[in-house]
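Presented below is the structure to which this report refers.
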Protein chains: 2
Amino acid sequence: MEKQKKKKVDRRVQYTKMVLRQSFIDLLEKYPISKITIKSICEKADINRTTFYAHYADQYDLLNQIKQELIDDVHVYLANFTFHDNKSESVQLLNKIFEYIKENSKICSVLLNDTTDAAFYEQIMAIVQNLCMEQLTKKAFNQNTVDYIISFAATGSIGLIRKWLDTGMKEPTYTMAEIILKLTNQGLTAFV
Amino acid sequence: MEKQKKKKVDRRVQYTKMVLRQSFIDLLEKYPISKITIKSICEKADINRTTFYAHYADQYDLLNQIKQELIDDVHVYLANFTFHDNKSESVQLLNKIFEYIKENSKICSVLLNDTTDAAFYEQIMAIVQNLCMEQLTKKAFNQNTVDYIISFAATGSIGLIRKWLDTGMKEPTYTMAEIILKLTNQGLTAFV
DNA sequence: TTGATACTAAACAATGTGTTGATTTTTTGT
DNA sequence: ACAAAAAATCAACACATTGTTTAGTATCAA
């Protein structure tokens, strides 16, 4: 009963956050984050600078919130799916992810190119892990080695996605899902 | 004859650059680059701010020069080796690299954690590519797919190294060289 | 020693930062 | 429709950093 009352978000707040976020992303496409000032974000968004500070500590805080929203968004997007170790299911699921990335390619490009924040990176990796490496953790590998393999596969997948985004998301001979699954699953067999 | 005269670098310049660089790296270990001011670097180094501007445009320029020096350093470090597709040679070579990283773990940690700069990333990836993926390009794969695989393996390797650095460079059950080679080579076989 | 080069110190305008308090506008609940 | 609450605005503020200039000093290489 207590948490039932979800505070309705003020329309103004919604608008302010939306427009600040959008300005910021637009700027991020043109300039490195180090050159983007709070002032410039606010001017582009036509929002008072004082208002910015009411919502965010600084640019990086704004960036983090954008990241978090994306993570949540992806989780919602995938929530409907049930997981099986059936291979075609994995492919289907990964395809769904690439569909999502394609739809949100603009923001994904920006966010994946900034990997200074380890937390975001690891959350993305966690998603990949859950999708592609179920069988990995089940088998009785040496845990130490497993961690390294997971790092490799997860980071590699992100690199793959970045390349895909940078080159205009052209579908290669194999689908992205196929490539990822083949590379990860096959890589594992080296350690069985 | 023309280019023979290599200008001797002034000792003062050498000292200035060295101490600025060192201060910067020290600060990078403690604070995110966005919080590091030119002023703070200079104060720590006890160098006049005007002098900083004589050598670097800003913090990011300094960072780039540090990166470039590291790349050059690695190339020199590996220059003595000759390449074979003999497997044990590859292992030896990779071990050499991990030796280098271990010796320079402080700076490597800092530099590898900032991947906003694609150029540096790609130069590191190029080294990994040349070392581990000779046989890859030789085979008649579909070029489109090859590019993706290279991205995956190279980025994955960097992720692996980052993890290794973050966890104190403990030697896992398999050596790092073994893991990288197994994962990359094995991953390839999926596309033969 | 000498000429060249590099560093320092001080001052400068320009820009961005983060916070304040008073005021206006919009939303929400009744 | 109205009053209370919440949010955005505005102007002003002290402050820090930036990047550049100028003149003087110290160090270097030869």
Side-chain angles (χ1 to χ4, degrees), chain A residues 1-66 69 114 116-117, chain B residues 1-66 69 114 116-117:
Chain A
M1 268 294 194
E2 295 175 35
K3 284 204 169 183
Q4 214 176 36
K5 290 190 182 180
K6 280 193 180 179
K7 301 172 197 169
K8 257 192 190 174
V9 187
D10 197 311
R11 282 187 226 159
R12 288 170 297 177
V13 176
Q14 270 190 305
Y15 173 78
T16 300
K17 287 195 164 189
M18 180 271 288
V19 73
L20 280 176
R21 176 194 157 120
Q22 196 51 57
S23 309
F24 187 46
I25 292 172
D26 287 346
L27 289 171
L28 272 175
E29 289 184 283
K30 292 186 183 176
Y31 313 102
I33 190 168
S34 57
K35 298 293 175 195
I36 300 176
T37 62
I38 294 173
K39 200 187 170 206
S40 69
I41 299 170
C42 294
E43 276 172 0
K44 192 175 173 63
D46 195 29
I47 293 288
N48 194 281
R49 207 156 51 80
T50 319
T51 308
F52 180 97
Y53 286 110
H55 294 290
Y56 309 102
D58 53 31
Q59 306 96 307
Y60 302 90
D61 184 32
L62 170 56
L63 184 64
N64 283 336
Q65 292 201 26
I66 292 174
E69 282 163 30
D114 167 44
T116 25
D117 171 27
Chain B
M1 268 296 196
E2 296 176 33
K3 285 204 168 184
Q4 214 175 35
K5 291 189 181 180
K6 280 193 181 180
K7 299 173 196 169
K8 256 193 188 175
V9 186
D10 196 312
R11 282 187 227 159
R12 290 169 293 180
V13 176
Q14 270 190 305
Y15 173 78
T16 300
K17 287 195 162 189
M18 180 271 288
V19 74
L20 280 176
R21 176 194 155 121
Q22 196 51 56
S23 309
F24 187 45
I25 292 172
D26 287 347
L27 289 170
L28 271 174
E29 287 184 283
K30 292 185 182 177
Y31 312 103
I33 189 169
S34 57
K35 299 292 176 196
I36 301 176
T37 62
I38 294 173
K39 200 188 170 206
S40 69
I41 299 170
C42 294
E43 276 172 0
K44 194 174 172 63
D46 194 30
I47 292 289
N48 195 281
R49 211 156 47 81
T50 319
T51 308
F52 180 97
Y53 286 111
H55 294 291
Y56 309 102
D58 53 30
Q59 307 96 308
Y60 302 91
D61 184 32
L62 170 55
L63 184 64
N64 283 336
Q65 292 201 26
I66 292 174
E69 282 163 30
D114 168 44
T116 26
D117 171 27

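A, B, ... follow the sequence lines: proteins, then strands. Residue 1 opens every chain.
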Please list, one pair per line, the donor and acceptor atoms closer than 3.5 Å that link side chains of residues 24-36 of chain B to other protein atoms, with sequence neighbours excluded.
unit_1	atom_1	unit_2	atom_2	d
B/D26	OD1	B/Q22	NE2	3.3
B/D26	OD1	B/K106	NZ	3.1
B/K35	NZ	A/D58	OD2	3.4

Going by atom type alone, with no hydrogens or angles, which donor-acceptor pairs under 3.5 Å involve a side-chain atom of residues 47-56 of chain A and a protein atom two or more places apart or on another chain?
unit_1	atom_1	unit_2	atom_2	d
A/N48	OD1	A/T50	N	2.9
A/N48	OD1	A/T50	OG1	2.8

Atom pairs, N/O to N/O, protein against nucleotides 9-11 of chain C, distance under 3.5 Å?
unit_1	atom_1	unit_2	atom_2	d
C/dA9	N7	B/N48	ND2	3.4

N/O contacts under 3.5 Å, protein versus nucleotides 2-6 of chain C?
unit_1	atom_1	unit_2	atom_2	d
C/dT5	O2	B/R12	NH1	2.9
C/dT5	O2	B/R12	NH2	2.9
C/dA6	O4'	B/R12	NH1	3.4
C/dA6	O4'	B/R12	NH2	3.4

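Heavy atoms only, all atoms of each residue included: B/S23 and B/I41 are closest at CB-O, 3.8 Å. What you find for A/L20 and A/A45 is that their closest heavy atoms are CD2-CB, 3.9 Å.
Taking a 4.0 Å limit (strictly below) on heavy-atom distances, residues 37-45 of chain A does not reach DNA chain D anywhere. Interface residues of residues 17-27 of chain A facing DNA chain C, ordered by number: none; criterion, heavy-atom separation under 4.0 Å.
Taking the salt bridge (charged side-chain N to carboxylate O under 4.0 Å, His left out) definition, one finds that A/K44 meets it with nothing, sequence neighbours left out. Applying the salt bridge (charged side-chain N to carboxylate O under 4.0 Å, His left out) criterion to B/R11, with sequence neighbours excluded, gives no partner residue. For B/E69, the side-chain hydrogen bond (donor to acceptor under 3.5 Å, both in side chains) test picks out B/R21, with sequence neighbours left out.
Between chain A and DNA chain D, the heavy-atom contact criterion of under 4.0 Å yields a 5' to 3' nucleotide range of D/dA6 to D/dA11.
Here the side chains of A/E43 and A/K39 are in contact, with some heavy-atom distance below 4.5 Å.
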- Task: Let me have DNA chain D in dot-bracket notation, would you? Count Watson-Crick plus G-U wobble pairs, both distances under 3.5 Å, and use [ ] for pairs crossing earlier ones and | for inter-strand partners.
- Result: ||||||||||||.|||||.|||||||||||
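Separating the CZ atom of A/F52 from the P atom of C/dT19 is a distance of 12 Å, rounded to the nearest angstrom.
With the nearest nucleotide of DNA chain D identified for both A/D46 and A/K35, A/D46 has the one nearer the 5' end.
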